[in-house]
Amino acid sequence: MFLRSQLRDGGRVPASVQPYFFLSYAHTPRFGAGGPDPDMWVERLFRDLCSHVMALTDLPAGAEAGFMDREIRSGEGWSERLGAALATCRVFVPLFSPRYFASEMCGKEWYAFAQRAIHQGALSNQPAEAIVPALWVPVPPSQLPGPAERLQFNHNTFGERYVTDGLYGLIKLRGYAEQYERAVYELAKRIVRVAETVRLEPVRPLDYRGVPSAFGPTGGGSPARTLHVTVAAASRHDLPDGRSPEYYGDNALEWNPYHPVAQRPIAYVAEDLVKNLNYQTSIGSFDDEAGHYDSKQPPTRPEILIVDRWVVEDEHRRQRLAAFDQESRPWVNVVVPWNRYDHQSRAKETELARRLEETLPVKMGQGRAACRAAANGVANMETLGQILPQVVEAAAQQFLRHAQVYLPAGSTHTERPRLLGPMGMSGPPAPPRAPFPPDTFGGHNDGNDSNDTDRGDADDSES
C-alpha cells in the first residue's frame, strides 16, 4: 500500500522498496487439477538469482532483490503492483521461450519497461538499455519479435549447455547442476553490472491493463510490420526570421522540439517508440520526399508525419503540405509536438495552430480521438510515449483497409483475401484495441471529446 500511494501521489519511492530486477516469464498451465506446479522451477531460479544479487551488492536488509509475478494476476491490485514494479525496477529479465513470445501479458511487461529506457534515452541522448534476457527454453531466431531480436546480448558466456538446453533443461536434469549454478551466477553478475552502469530512473507507472504488447498483435514469429516516419521541419539554416535555432540541427531529422529537457531529436525518439511496438521503421524528411507520393498507387506501409507548426511560416513548405493534404492517404497520421516552454512558440501558438489547421484540414480532423489529439499538439515526451501507440495502430489499420489485395497463387476466388507485403496477413484484420483511453491525454483535448466515445472505429474515416 505504501508503494502504491507513493507512486499515485507523484512522490519518489525509497530505494529500499524498489525491486532490483523484474523477472518476466510466461506462466505454464497445470496438467490437471492437483498436479505439480510447473512454475516451481521458475520460482527456484528466482530465489537463486535473488540470493546471488544480494551477495553481489550492498542492498540493505529488507530490500527487494527481485520481483516475480506469481499468482497476483487473479488478486486484488495485481495491475497496480505490476505497474509499480515495472516503473521502479532497475533491470528487466525476460525468460525467453516460445510460450513467452506468444504471451500478450509478457509483451505488455516488456513494453512498459522498454518505455522507461526510451524516455530516459530521449532525455539524455545516451543509450539506456537495461533488459537482460535469459534463455529458459532456446528459441529459434525466426520466432523472436523485433524488440528481442535487436538486443545485443551474447548468451555463449553462460556456458555451452545453457545455450543448447536453456535454464529449464539445466535445472530439470540432475547431471547438469554445475552448469546450472554457473549460468545463474553469470546471469546475476550481468544483472548487477547493467544496473550499476545504466542507472535507470523510476517513473510514474503506466496502466498495465491498457498498454499494448511489444510483440505486436499476434506475438513473436508473426510477419514483420513496417512503418515510415516523416518529419516536416526546417533546419537551422533556413528558419523563419527571428526563430531561435536552438531547437534545430543541420537537417529536419535533427529537430528537437522538447529542448532543453530532451536531448534526442524527435525523429529518433519516435523511431524507438514505434520499434517498441514490433515494427521495422524507416525515417525521412518531408522536404526530400514531397512530390514522390502517388495517390493512385496503393500504400506499401502505414506512415506517421511529424510536423513542426513553424513550417507554415515557409510558404513553399506550406504549399507542399497543403497539396499533400488534398491527396487521400488515411494511412498517414499527423503528430504535432508542441513545447509550451518554448517562449517563441507559446507567443505565436494561436496563429501557428490556425495556419496549420488551414493547411492540413483533412489530416487535422481525421481519425479517432487519439489521432486528433496528436494533431492538435503533444506537449511533452511523456505524452508522446502515451499517445503514439494509438496513432500508429490507427494508421496500420487504415493501411490494411487500403492496401492492394492479391488472390493466393492458383486461386480464382477466395473469401479471405491476402495482402501483399511486410504487413500482409491472411484474412481481414480485427480492429486493434486502443491501448490508452482518450482521457489520458489531458491538456491536448481538441474540444470534441464528448463525441469521441460514440464514434469508435467509425472515426477512422477518410474525411
Side-chain angles (χ1 to χ4, degrees), residues 1-25 41-70 72 80-96 109-110 112-121 123-124 126-136 151-159 162 167 170-171 177-205:
M1 182 65 71
F2 170 73
L3 175 59
R4 194 183 312 167
S5 63
Q6 286 288 310
L7 293 166
R8 184 173 57 242
D9 297 338
R12 291 187 60 85
V13 180
S16 60
V17 295
Q18 298 175 17
Y20 199 86
F21 69 92
F22 184 109
L23 188 67
S24 175
Y25 74 102
W41 302 111
V42 179
E43 293 205 26
R44 177 185 165 186
L45 169 65
F46 177 72
R47 292 193 302 270
D48 292 342
L49 276 175
C50 287
S51 177
H52 286 313
V53 167
M54 290 298 291
L56 293 169
T57 64
D58 60 353
L59 289 175
E64 291 190 73
F67 178 95
M68 186 180 83
D69 170 20
R70 293 180 175 86
I72 62 174
E80 290 82 358
R81 290 183 61 193
L82 276 180
L86 290 165
T88 58
C89 66
R90 300 174 68 171
V91 177
F92 183 76
V93 183
L95 287 186
F96 282 15
E109 292 172 356
W110 187 303
F113 183 84
Q115 287 292 89
R116 286 178 61 195
I118 294 171
H119 182 75
Q120 183 161 317
L123 299 183
S124 65
Q126 297 293 327
E129 184 58 72
I131 297 178
V132 177
L135 298 178
W136 185 244
L151 283 179
Q152 300 296 317
F153 193 87
N154 183 8
H155 291 280
N156 293 322
T157 59
F158 290 5
Y162 166 81
L167 288 166
L170 299 185
I171 202 172
E178 184 177 341
Q179 290 90 330
Y180 167 78
E181 293 295 341
R182 174 192 170 186
V184 175
Y185 181 64
E186 292 294 333
L187 177 59
K189 288 200 300 183
R190 185 72 62 91
I191 291 170
V192 172
R193 184 160 63 250
V194 168
E196 295 297 327
T197 302
V198 176
R199 294 286 182 178
L200 200 61
E201 293 294 327
V203 298
R204 198 165 42 184

Novice: Nearest heavy-atom pair of Pro133 and Leu187: which atoms, and what distance?
Specialist: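 For Pro133 and Leu187, the tightest heavy-atom pair comes out as O-CD1, 4.3 Å.
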
Novice: If you count the non-hydrogen atoms of other residues, nucleotides and ligands that lie under 6.0 Å from CD in Glu178, is the total more than 12?
Specialist: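 Open: at most 12 neighbouring heavy atoms sit under 6.0 Å from CD of Glu178.
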
Novice: Any idea which heavy atoms bring Ala130 and Val194 closest together, and the distance?
Specialist: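 Scanning both residues completely, I find the closest heavy atoms to be CA-CG1, 3.7 Å.
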
Novice: Ignoring hydrogens, what is the shortest heavy-atom contact between Gly159 and Arg182? Give both atom names and the distance.
Specialist: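 Looks like CA-NH1, 3.7 Å.
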
Novice: Sort and list the pairs that fulfil salt bridge (Lys or Arg N to Asp or Glu O under 4.0 Å) and have at least one residue in residues 45-60, not counting sequence neighbours.
Specialist: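 For residues 45-60: Arg44-Asp48.
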
Novice: Is it the case that Arg116 places NZ or CZ above or below the six-membered ring of Phe92, under 6.0 angstrom from the centre and within 45 degrees of the axis?
Specialist: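 Judged by the rule, Arg116 and Phe92 form no cation-pi pair.
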
Novice: After noting the C-alpha distance and the side-chain angles of Met54 and Tyr20, does the key distance pass the side-chain contact (heavy atoms from CB on, under 4.5 Å) rule?
Specialist: CA-CA 10 Å; Met54 290 298 291; Tyr20 199 86; over 6 Å; no

Novice: Kindly give the heavy-atom pair with the smallest separation between Arg190 and Asn154, and that separation in Å.
Specialist: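 The answer is NH2-O, 3.9 Å.
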
Novice: Give, for atom CG of Leu167 and atom CZ of Phe96, the distance between the pair rounded to the nearest 0.5 Å.
Specialist: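 One gets 12.0 Å once the value is rounded to the nearest 0.5 Å.
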
Novice: With heavy-atom distances below 4.5 Å as the criterion, would you say the side chains of Val42 and Trp136 are in contact?
Specialist: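 Heavy-atom side-chain distance check passes, below 4.5 Å.
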
Novice: So, the side chain of Tyr25 versus the backbone of Val93: is there a donor-acceptor pair under 3.5 Å, distance only?
Specialist: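 Absent.
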
Novice: Which atom pair, heavy atoms only, marks the closest approach of Pro205 to Gly83?
Specialist: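 Minimum heavy-atom separation between Pro205 and Gly83: CB-O, 3.5 Å.
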
Novice: In chain order, what residues pass the salt bridge (charged side-chain N to carboxylate O under 4.0 Å, His left out) check against Glu186, with sequence neighbours excluded?
Specialist: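 Result, salt bridge (charged side-chain N to carboxylate O under 4.0 Å, His left out) vs Glu186: Lys189.
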
Novice: Would you call the rings of Tyr162 and His155 parallel, tilted or perpendicular, taking 30° and 60° as the class edges?
Specialist: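 Ring orientation of Tyr162 relative to His155: tilted.
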
Novice: Show the numbers, then the answer: is there a side-chain contact (heavy atoms from CB on, under 4.5 Å) between Val192 and Phe21?
Specialist: CA-CA 9 Å; Val192 172; Phe21 69 92; over 6 Å; no

Novice: How many angstroms lie between atom OG1 of Thr57 and atom CD1 of Ile191, to the nearest 0.5 angstrom?
Specialist: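 Between Thr57 OG1 and Ile191 CD1, I get 11.0 Å after rounding to 0.5 Å.
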
Novice: Could you check if a side-chain atom of Cys89 sits within less than 4.5 angstrom of a side-chain atom of Phe67, using non-hydrogen atoms only?
Specialist: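 Cys89 does not reach Phe67 side chain to side chain.
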
Novice: Counting only N and O atoms by type, is there a donor-acceptor contact under 3.5 Å from the side chain of Glu201 to the main-chain atoms of Gln120?
Specialist: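 No, the answer is negative, given that no donor and acceptor are paired below the 3.5 Å cut-off.
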
Novice: Shortest non-hydrogen contact from Ala117 to Ala128?
Specialist: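 What the structure gives for the nearest pair is CB-O, 3.1 Å.
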
Novice: Using 0.5 Å steps for rounding, measure from the CZ atom of Arg90 to the CD atom of Gln18.
Specialist: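 Spacing of CZ (Arg90) from CD (Gln18) equals 8.0 Å.
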
Novice: Are Phe113 and Leu200 packed together at the side-chain level, in the sense that at least one heavy-atom pair is separated by less than 4.5 angstrom?
Specialist: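 Counting from C-beta outward, Phe113 and Leu200 do come under 4.5 Å.
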
Novice: Heavy-atom distance under 4.5 Å between the side chains of Leu49 and Val184, does that happen here?
Specialist: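 When only atoms from C-beta onward are counted, Val184 and Leu49 do touch, with a gap below 4.5 Å.
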
Novice: Would you sort out whether Gln115 and Val203 count as a side-chain contact (heavy atoms from CB on, under 4.5 Å), showing the intermediate values?
Specialist: CA-CA 10 Å; Gln115 287 292 89; Val203 298; over 6 Å; no

Novice: Quick one: sort the Tyr185 and His52 rings into parallel, tilted or perpendicular, breaks at 30° and 60°.
Specialist: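 Tyr185 and His52: perpendicular rings.
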
Novice: Taking NZ, NE, NH1 and NH2 as the nitrogens, is one of them in Arg199 or Glu196 under 4.0 Å from a carboxylate oxygen of the other?
Specialist: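 Salt bridge between Arg199 and Glu196, a charged N being under 4.0 Å from a carboxylate O: yes.
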
Novice: Check whether any side-chain heavy atom of Glu129 sits under 4.5 Å from a side-chain heavy atom of Val198, and report yes or no.
Specialist: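 Side-chain contact under 4.5 Å: no.
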
